[in-house]
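Single-structure report; data block below.
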Amino acid sequence: MLESLSIENFAIIDRVSIDFSSGMTVLSGETGAGKSIIIDALGILCGGRGSTEFIRTGEQRLLVEGLFTFNTVPEGLLIAFQQFGLDVDQESALTEGLIIRREIHASGKNLIRINGQLANVTLLKDIGSYLVDIHGQNEHQALLDNQQHLNLLDQYATKKLEPVKKRYQTAYETYRELRQAWLKAQRTETEQAQRVSFLEFQIAEIEEAELVLAEDEQLEKLSIKLQGAQKIASNIASINQLFSDSDTSLLTQTDQIMRLLIEIQSYDEIYPELLKRLESTYYDLQEIAHQLAASELNLETDDQSIDEIESRLSQLGQLKRKYNMSIEEILIYFDEISEEVYQIKHREQYLDDLAKRLVLAYEKAKALADQLHAIRQENATALIGQIEAELVDLYMENSRFDVQFKQKMKDNAFVDINEQLINQQTIVSLDETGYDQVEFFVATNVGESLKPLVKVASGGELSRFMLALKAVFGQAELAKVMVFDEIDTGVSGRVAQAIAEKIHQISLRHQVLCITHLAQVAAIAENQLYISKAVTGERTSTRVESLNLDDRSEVIAQMMSGKVLTQTSLQLAKELLQDYQSNR
């Protein structure tokens, strides 16, 4: 759940900190006070689009920070953290929660931290789907987009569908890759001949170069060394002379010092220690002198060797520029084009083998797609029953809901290739989800035929359909923050009461934040925040106040009667609150 939310310099909000409770919380207040701004701030905290336009006038940055806590941590949330590399595990999430902080600066800088660790918007969007679900008038569009209906059905069927879907997606990917390989192999004979000629030229060119992995790196190091050979030889000779080639050499003098220390070591305990250290240094110096002498013997200064190395580096450089690849990449490319030439030259055998593998891959993916279809149909029947039961609660008892299926268009390219190999009349088109197309149909009145949801439902009906869907889907989801932003617009009377009860029903499993202008919705909530604005020093700012029961009575009464508070509306508000409170 969302424990707290802090907002600074967001639109008209200068600084607000809000503590939230479980259950249902209503955000009420006059229009323009900042209710929706609070929801917008929560939205960008969960991966919504951030913009410098949100920054309060005259300020250099905005800040939104929220603390989320869990009873059960969603597995997908932990996987997202692991894949991104954040140090957030189940134990820390349960004990400490998640502190998400997002700053947007006027310069365009966008800074995101999760439990103090840097993150990006992509991760924020990913984890945001596990934390917050925001619904408003705009979110109704998902119901009107029949491309989203399959996703909604799959959400409902997740428990049974997910294991099969994972196996299907693996099988589909194999089929997709083989199909692409087949289509690639369908070039005309002329194209194939031209392709072979071109690839054979490249193969011969690469073979002639006799490439060795990392050869260019080794040659570059050797070239640098040889180019400095004269300087190296001169310096090493001087060093060797200083070490041992004269009576005053470093080793000779060190040996003399050691002999002198031996003569006096019995006079003070410090001298044996110094002698021991000097002996160690002497042996180190001898080893250094030996290695330097050996390096001088191994040093090549042959001008012809330098020319050969530079010529080879030039040849390798030209090849790398031509192919725009590293030596390693050219060697990999060589293997790939050699295989392609083999496949083209043995085209008949290759195509026969590829066709058989393709058909097997298709049949495996199709069989799993059939399983997905069966699970979806089974769950669609259950979903229809549950949605219609929810609609009865929302005074849409005469409405009918249906989930209709059709298959994607036939994959003609696949049929043309494989009709002689697959003994069936219909070959369906497969994609990442299978072959199903799903659309929600409704009839809102007795005697009407079922029609696509997009062509039938009004704004108020859409609100109720959406609530019915969330009430059903929410039963299978882990607890999260459900936000309803004025979804009750355009309803009143008993429908408003039914919507209030349905939202509260959802809050029994999820934390609910709700912006409303309806008294019934405000009264049924366990908590109510009042959002107001004030002008101080010619600047407008937003204030948030948690209301007690007496304050709630007045605010709800104003929802009923407007600015003029009457005793009748106040009494009705008190009765409404008492009725809801006593029924808990």
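For Y333, the OH atom sits in a packed shell: over 12 heavy atoms of surrounding residues, nucleotides or ligands are nearer than 6.0 Å. In the displayed structure, D87 atom CG is contacted under 6.0 Å by at most 12 heavy atoms of other residues, nucleotides or ligands. In this structure, N324 places its CG atom where only 12 or fewer heavy-atom neighbours from other residues, nucleotides or ligands lie under 6.0 Å away. No more than 12 heavy-atom neighbours from other residues, nucleotides or ligands sit within 6.0 angstrom of CD on Q82. Annotation: E91, atom CD; neighbour count of heavy atoms from other residues, nucleotides and ligands within 6.0 Å does not exceed 12.
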Can you check side-chain hydrogen bond (donor to acceptor under 3.5 Å, both in side chains) on S314 and S311, steps first, answer last? CA-CA 5 Å; S314 176; S311 175; over 6 Å; no
For I257 and L260, run side chain to side chain contact (heavy atoms under 4.5 Å, CB included): C-alpha distance rounded to whole Å, both residues' side-chain angles, the deciding distance at 0.1 Å, then the answer.
CA-CA 5 Å; I257 295 170; L260 293 171; 5.6 Å; no
Quiz item: Stepwise, does the side chain to side chain contact (heavy atoms under 4.5 Å, CB included) test hold for L77 with D126?
Solution: CA-CA 8 Å; L77 196 66; D126 194 3; over 6 Å; no
ask   = Stepwise, does the side chain to side chain contact (heavy atoms under 4.5 Å, CB included) test hold for I114 with I127?
value = CA-CA 11 Å; I114 299 175; I127 68 170; 3.6 Å; yes
Exercise. Passes side chain to side chain contact (heavy atoms under 4.5 Å, CB included), L111 versus L118? Steps please.
Worked result: CA-CA 8 Å; L111 186 63; L118 287 173; 3.5 Å; yes
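The residues D216 and K320 are annotated as salt-bridged, a charged nitrogen and a carboxylate oxygen being separated by less than 4.0 angstrom. A salt bridge links D154 to R376: one of the charged nitrogens lies within less than 4.0 Å of a carboxylate oxygen. Here K345 pairs with E200 in a salt bridge; the nearest charged N to carboxylate O distance falls below 4.0 Å. Between R56 and E8 there is no salt bridge, since no side-chain nitrogen of the basic residue lies less than 4.0 Å from a carboxylate oxygen of the acidic one. Between E173 and R176, at least one side-chain nitrogen of the basic residue sits less than 4.0 Å from a carboxylate oxygen of the acidic one, meeting the salt-bridge criterion.
Side-chain contact annotation: R15 with N9, donor-acceptor N/O pair under 3.5 Å absent. Side-chain contact of Y323 with E329: a donor-acceptor pair under 3.5 Å is absent, judged by distance alone. Side-chain N/O atoms of S92 and D89 include a donor and acceptor closer than 3.5 Å. Of the N and O atoms on the side chains of Q318 and R321, not one donor lies less than 3.5 Å from an acceptor on the other residue.
Listed by chain and residue number, nothing satisfies the side-chain hydrogen bond (donor to acceptor under 3.5 Å, both in side chains) test with D19 (two or more places apart in sequence, or in another chain). The side-chain hydrogen bond (donor to acceptor under 3.5 Å, both in side chains) search around E339 returns Q343, not counting sequence neighbours.
Between A289 and L251, the closest heavy-atom pair is CB-CD1, 4.5 Å. Of all heavy-atom pairs between N379 and L153, the closest is C-CD1, 4.4 Å. When every heavy atom of V428 is checked against every heavy atom of K366, the shortest pair comes out as CG2-CE, 3.6 Å. Shown here for L358 and W182, the closest heavy-atom pair between the two residues is CD2-CB, 4.0 Å. Here the shortest heavy-atom pairing between S17 and S6 reads OG-OG, 3.4 Å. Residues L86 and Q117 approach most closely at CD2-CB, 3.5 Å, considering heavy atoms.
In this structure, CD in E269 is found 11.0 Å from CG in L274, a value given to the nearest 0.5 Å.
The shortest distance between side-chain heavy atoms of S338 and I203 falls below 4.5 Å. A 4.5 Å side-chain heavy-atom check between K364 and L360 finds every atom pair outside the cut-off. L331 places none of its side-chain heavy atoms less than 4.5 Å from the side chain of E328. Under the 4.5 Å side-chain criterion, counting only non-hydrogen atoms from C-beta, Q511 is in contact with F20. Counting only heavy atoms from C-beta outward, the side chains of L319 and I327 never approach each other to under 4.5 Å. A 4.5 Å side-chain heavy-atom check between S249 and T252 finds at least one atom pair inside the cut-off. Using a 4.5 Å heavy-atom threshold, the side chains of Q202 and L199 count as touching. Counting only heavy atoms from C-beta outward, the side chains of V121 and N110 approach each other to under 4.5 Å.
The aromatic rings of F10 and F54 lie parallel to each other, with less than 30° between the two planes, well short of the 60° mark. Ring pair Y168/Y172 is parallel by interplanar angle, where below 30° counts as parallel and above 60° as perpendicular.
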Just list the side-chain donor-acceptor pairs under 3.5 Å for residues 58-76, sequence neighbours left out, or say none.
from, atom 1, to, atom 2, distance (Å)
R61, NH1, E103, OE1, 3.2
E65, OE2, R101, NH1, 3.1
T69, OG1, E3, OE2, 2.9

